[in-house]
Structures are given as C-alpha cells and as structure tokens.
Amino acid sequence: MKILSVVGARPNFMKIAPLMREMRKHPAIESVLVHTGQHYDVRMAGRFFQDLDIPDPDVCLEVGSGSHAYQTAEVMKRLEPVIERERPDLVAVVGDVNSTMAAALAAVKLLIPVAHIEAGLRSFDRTMPEEINRVVTDAVADFLFVTEESGVQNLLAEGVDQNKIFLVGNVMIDSLEASRRLWSRSDIRAKLGLTAREYGVVTLHRPSNVDHPETLRRILDALKKIGQSLPIIFPIHPRTRKTLEHSGAVGDGLRLDASAVTANAVYGLDPLGYLDFIALVAGARLVLTDSGGLQEETTALGIPCLTIRENTERPVTVTHGTNRLVGASPDKIVYETERVLASPHPKPSPPPLWDGHASERIVSILLRHLDPQGGAPTLPPIPRSLAGFPASQPPKILSGPTESDND
Ligand code: UD1
C-alpha cells in the first residue's frame, strides 16, 4: 500500500513527523514524502526536518512564496505529475495551509483517496485563509481525522458522512511527547539568560494582526507595557518582520537581535527551531500568540495562553485547556496578562486522546480500510464521538477590563 504524504509550511512538519515514524513501523506501507516548498528557508523549514527527525523528502516541488492563488495553483500543477507517476493508494495532507488544500484538490481530481489529518476545525471566520483551506479540504477528503469533539460536530453539521469521521486525538501532541527528552535538554534558556517562569513568549503572524503597520504597532505597544515587568521573548515570523520595519515600533522597549536578556523589555529574535521553541514555551510564565498550534501546545504543557484573536477553531483549548481569547485591543491584552500573572500557575490537563498516540490510531485505521487482509494492529476501539464530553460552542472573546471581573 503506497501513501503519499504532503507537507509545505512550518506547522505541517510537527504533524507529519509522528505519522512518518508510525508508517515506517509497518512493512505493508510504502511511504512517499513530498515537500511543496511553501516554506523554504532553513529557519522556517530545514531545521524542522532535523529537529523532528523527518526523512528527507522524496520530492521537492520548490513552489516558494506568492499570492494564495499562485501558491495553490503551483502546488497543484507541480504535484499532479508526481501523483500520476507514483499512483499512491492514498494522499495524506495535514493542517490548513495552502499546500494542504492544493494537494487534496490535485489528488481527488485524479481519483486518489485523501486523508485529512486535523479535519473539522472551524473558526467560522471566512476572512482567514486557513478557514477556506479547512472547509475545502474537508469537503473532498475521504478520511477525516479529527483532534477534538467540536470537529466531529462541525463535520456532521456540514453533512459529512459519519463513517468518514474518526476522532483520533492530536498528532501535534504526539510530536511534543515523542521529543520531550530532546527539548528538555535544550540550553535555549541558559543561552538567553532566562529563568523558568520569569518570562513570557510571544508569536504573531496572522495577516489580520501583522499585515497593517498600525494594527501591529498597537499590539506591540501592549507587549512593551507587559515587557516593563517581565522579559518577553518574541521569535519573529518573516511575514511579521516585513511589516515591523514600517510600523515605527522598533526602538524603545523592543530590542531586535539582542543576544541575551539583560533587562525587562521585548526581545525580538529570528524564528527558532522546534526543540528550542518548545523548551522556551515549556519554561514560560505565559504565552501570547495568534498561532493555532501554540494554543494546543500550551494546553498540553499547562502554560497559560492568551490568544490575540477574536475566535479560535480549537475551542477545546479554552473549555478544557489554558487558552483565553483576548482579541487585539491593547488594553485587553495588558489587563488579561496582569490577571494571569496574579494567578497561580496551572497544571496541565490535556483534552481526551491528546496522549501521544494519535498517529498510531490513524495508521491502524488506514491499514484496516486500505489493506483489510494485512492484519492491521488491534488498538482499543476509537470513539467516533466522546460520550459525555460536551459539544463545544464557539468560545466567546473575553470581556474587557470595564466589565465585571467576578467570574
Ligand atoms: C503560512 C500559513 C499559515 C501558517 C504559517 C506558519 C497559509 C495560507 N498560511 O502562513 O496557516 O500558520 O504559514 O508559518 O498557508 N517566508 C520566508 N521564508 C519562508 C517562508 C515564507 O521568508 O521559508 C516569507 C515570505 O516572504 C512570504 C511570507 O513569509 O511572503 C509569508 O509566507 P506564506 O507561506 O505566504 O504564509 P505564512 O504567513 O507563513
């Protein structure tokens, strides 16, 4: 049985790594890895292959940067002949980036079944490019592997056949757990001169937060205020760095490319590799972010997370985990940070099935369906839906400092 897996951008790499490892354990599976090259430089792609021990891709499409239509079209054009040549039994795509949607479309049009890992997540915000990618990918996928109960409900509400939906847990957490020994040994805190629980970590890259200099400047003003009482480490995404130079925010309170933390301030760094970044997050007092994956990682690690967005497609991180939606208003960001700093540090409480074994479940299901004679390993039955686990409502953005604070 041949499975062709496609990755393209940074958040894909931690999702494919545990699947590649699991597939290697089964001689019945012949695995082909395609890297679209949506992310191409060492800081955004190359280092992640090393850190996560992902085998070198069999095919690199070298698509690079461009508009959404350009990236999507180039991935489809360049992947089509690869699929025709390889004739896989299945194409596996992960996450919600342009490469995910493009690869799913290229495969179904050649009548190759598609598995979508991380299916069903919905922010219900169609201004987000990722939401479009999620909706389109799920509409054409044959196997929909879901991380949390809300995803099952969303897919059922969209009329997806329930026999295609599998609640299996979260492959991101598989990566986090599998590499725990390695990231625990990272010396990033010592290198930066940081003490555990005495700093915050920030990431920002959503177009709605970082593409307009004025919006980014207002968020950075809030971070600088927080940075007066707690050093803030801010690995800067290339998209964000482009706008930063025009935002007028660099200077007082925002230091770029300092080699170590010497005072309370916001420290902008280059993007970090996976192991150093997770080590930094695991030792933080809190995280402020607009990343989807980081909402999940902080929930698994028990680190308070303030999400600089109005919505999340990962509601279990709010209902079950450490995540709170604060939006992009500077006053609200500062107010909610002060609340976190005044509260005791939480204990990790991972959502159901976020146990480091999601990729085993996925591969076992694929073997059972695609190679029924092959003697697929028997795992405990997988619930299609978790009985007694409340179907989540889209979480509301937190009330601001002017409203009642007694909850
Ligand atoms: C993409 C994904 C987003 C994901 C994010 C993680 C889509 C629609 N968006 O957004 O879901 O959370 O990746 O990083 O697929 N660049 C580099 N080096 C690289 C890659 C990009 O410098 O290796 C620069 C380019 O100038 C590019 C910009 O970053 O214009 C943005 O890259 P792009 O792939 O368009 O989207 P992201 O914002 O990274």
Side-chain angles (χ1 to χ4, degrees), residues 6-16 35-52 57 60-76 78-79 93-106 116-119 121-123 125-138 172 175 202-212 215-216 234-246 268-274 277-278 281 287 289-297 307-309 311-314 317:
V6 182
V7 289
R10 188 170 63 176
N12 288 167
F13 303 133
M14 39 292 229
K15 292 168 194 161
I16 211 68
H35 178 17
T36 68
Q38 175 175 344
H39 284 176
Y40 43 84
D41 70 33
V42 168
R43 297 163 311 158
M44 300 298 286
R47 206 187 311 172
F48 287 79
F49 277 75
Q50 276 169 26
D51 276 6
L52 291 156
C60 292
L61 302 179
E62 296 180 358
V63 163
S65 296
S67 70
H68 291 276
Y70 171 87
Q71 272 182 342
T72 307
E74 283 302 313
V75 172
M76 288 184 71
R78 297 180 194 204
L79 185 60
V93 298
V94 293
D96 57 12
V97 302
N98 287 342
S99 298
T100 310
M101 176 184 71
L105 287 176
H116 183 204
I117 290 106
E118 201 187 83
L121 298 181
R122 295 291 180 270
S123 64
D125 174 1
R126 296 234 173 158
T127 65
M128 284 179 77
E130 294 83 0
E131 182 75 352
I132 307 299
N133 294 340
R134 291 189 278 259
V135 168
V136 173
T137 305
D138 287 344
M172 289 267 289
S175 267
V202 170
T203 78
L204 291 171
H205 76 284
R206 293 264 156 240
S208 59
N209 283 336
V210 307
D211 281 3
H212 301 290
T215 310
L216 181 59
F234 178 24
I236 306 175
H237 189 282
R239 174 186 280 279
T240 311
R241 195 174 276 269
K242 269 190 202 162
T243 316
L244 201 59
E245 274 133 36
H246 308 286
L269 313 177
D270 274 342
L272 295 169
Y274 179 76
F277 184 68
I278 293 293
V281 168
V287 167
T289 189
D290 58 11
S291 148
L294 199 41
Q295 295 170 44
E296 297 182 338
E297 287 158 341
T307 294
I308 303 178
R309 283 175 49 188
N311 53 50
T312 179
E313 60 288 333
R314 295 158 158 95
T317 61

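One-based numbering, in listed order, for ligands and for the atoms of each. Worth saying up front: this structure is predicted, and the values here are computed from it rather than measured.
Glu130 has a carboxylate O that lies under 4.0 Å from a charged side-chain N of Arg206, or vice versa, which qualifies the two as a salt bridge.
With rounding to the nearest 0.5 angstrom, the CG atom of Asn98 is 5.0 Å from the CD atom of Gln38.
Judged as a side-chain contact (heavy atoms from CB on, under 4.5 Å), and not counting sequence neighbours, the contacts of Asp125 are Ser123, Thr127, Met128, Asn311.
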One line per pair, note the atom names and distance for all nitrogen or oxygen contacts under 3.5 Å between ligand 1 and the protein.
{"from": "ligand 1", "atom 1": "11 (O)", "to": "Glu130", "atom 2": "OE2", "distance (Å)": "2.6"}
{"from": "ligand 1", "atom 1": "12 (O)", "to": "His205", "atom 2": "NE2", "distance (Å)": "2.8"}
{"from": "ligand 1", "atom 1": "13 (O)", "to": "His39", "atom 2": "NE2", "distance (Å)": "3.3"}
{"from": "ligand 1", "atom 1": "14 (O)", "to": "His237", "atom 2": "NE2", "distance (Å)": "2.9"}
{"from": "ligand 1", "atom 1": "15 (O)", "to": "Gln38", "atom 2": "NE2", "distance (Å)": "2.9"}
{"from": "ligand 1", "atom 1": "15 (O)", "to": "Asn98", "atom 2": "N", "distance (Å)": "2.8"}
{"from": "ligand 1", "atom 1": "18 (N)", "to": "Asp41", "atom 2": "OD2", "distance (Å)": "2.9"}
{"from": "ligand 1", "atom 1": "23 (O)", "to": "Tyr40", "atom 2": "N", "distance (Å)": "2.8"}
{"from": "ligand 1", "atom 1": "23 (O)", "to": "Asp41", "atom 2": "N", "distance (Å)": "3.0"}
{"from": "ligand 1", "atom 1": "26 (O)", "to": "Lys242", "atom 2": "NZ", "distance (Å)": "2.8"}
{"from": "ligand 1", "atom 1": "30 (O)", "to": "Lys242", "atom 2": "NZ", "distance (Å)": "3.2"}
{"from": "ligand 1", "atom 1": "34 (O)", "to": "Gln38", "atom 2": "NE2", "distance (Å)": "3.3"}
{"from": "ligand 1", "atom 1": "34 (O)", "to": "His39", "atom 2": "NE2", "distance (Å)": "3.3"}
{"from": "ligand 1", "atom 1": "34 (O)", "to": "Gln71", "atom 2": "NE2", "distance (Å)": "3.4"}
{"from": "ligand 1", "atom 1": "38 (O)", "to": "Arg239", "atom 2": "NE", "distance (Å)": "2.6"}
{"from": "ligand 1", "atom 1": "38 (O)", "to": "Arg239", "atom 2": "NH2", "distance (Å)": "3.4"}
{"from": "ligand 1", "atom 1": "39 (O)", "to": "His39", "atom 2": "NE2", "distance (Å)": "2.8"}
{"from": "ligand 1", "atom 1": "39 (O)", "to": "His237", "atom 2": "NE2", "distance (Å)": "3.0"}

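With a 4.5 Å cut-off on side-chain heavy atoms, Thr243 and His212 do not count as touching.
With hydrogens and angles ignored, the 3.5 Å screen pairs no side-chain donor or acceptor of Thr240 with any backbone N or O of Ile236.
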Query raised in the report: Between Phe48 and Ile16, is a side chain to side chain contact (heavy atoms under 4.5 Å, CB included) present by the stated rule, with each step listed?
Result: CA-CA 11 Å; Phe48 287 79; Ile16 211 68; over 6 Å; no

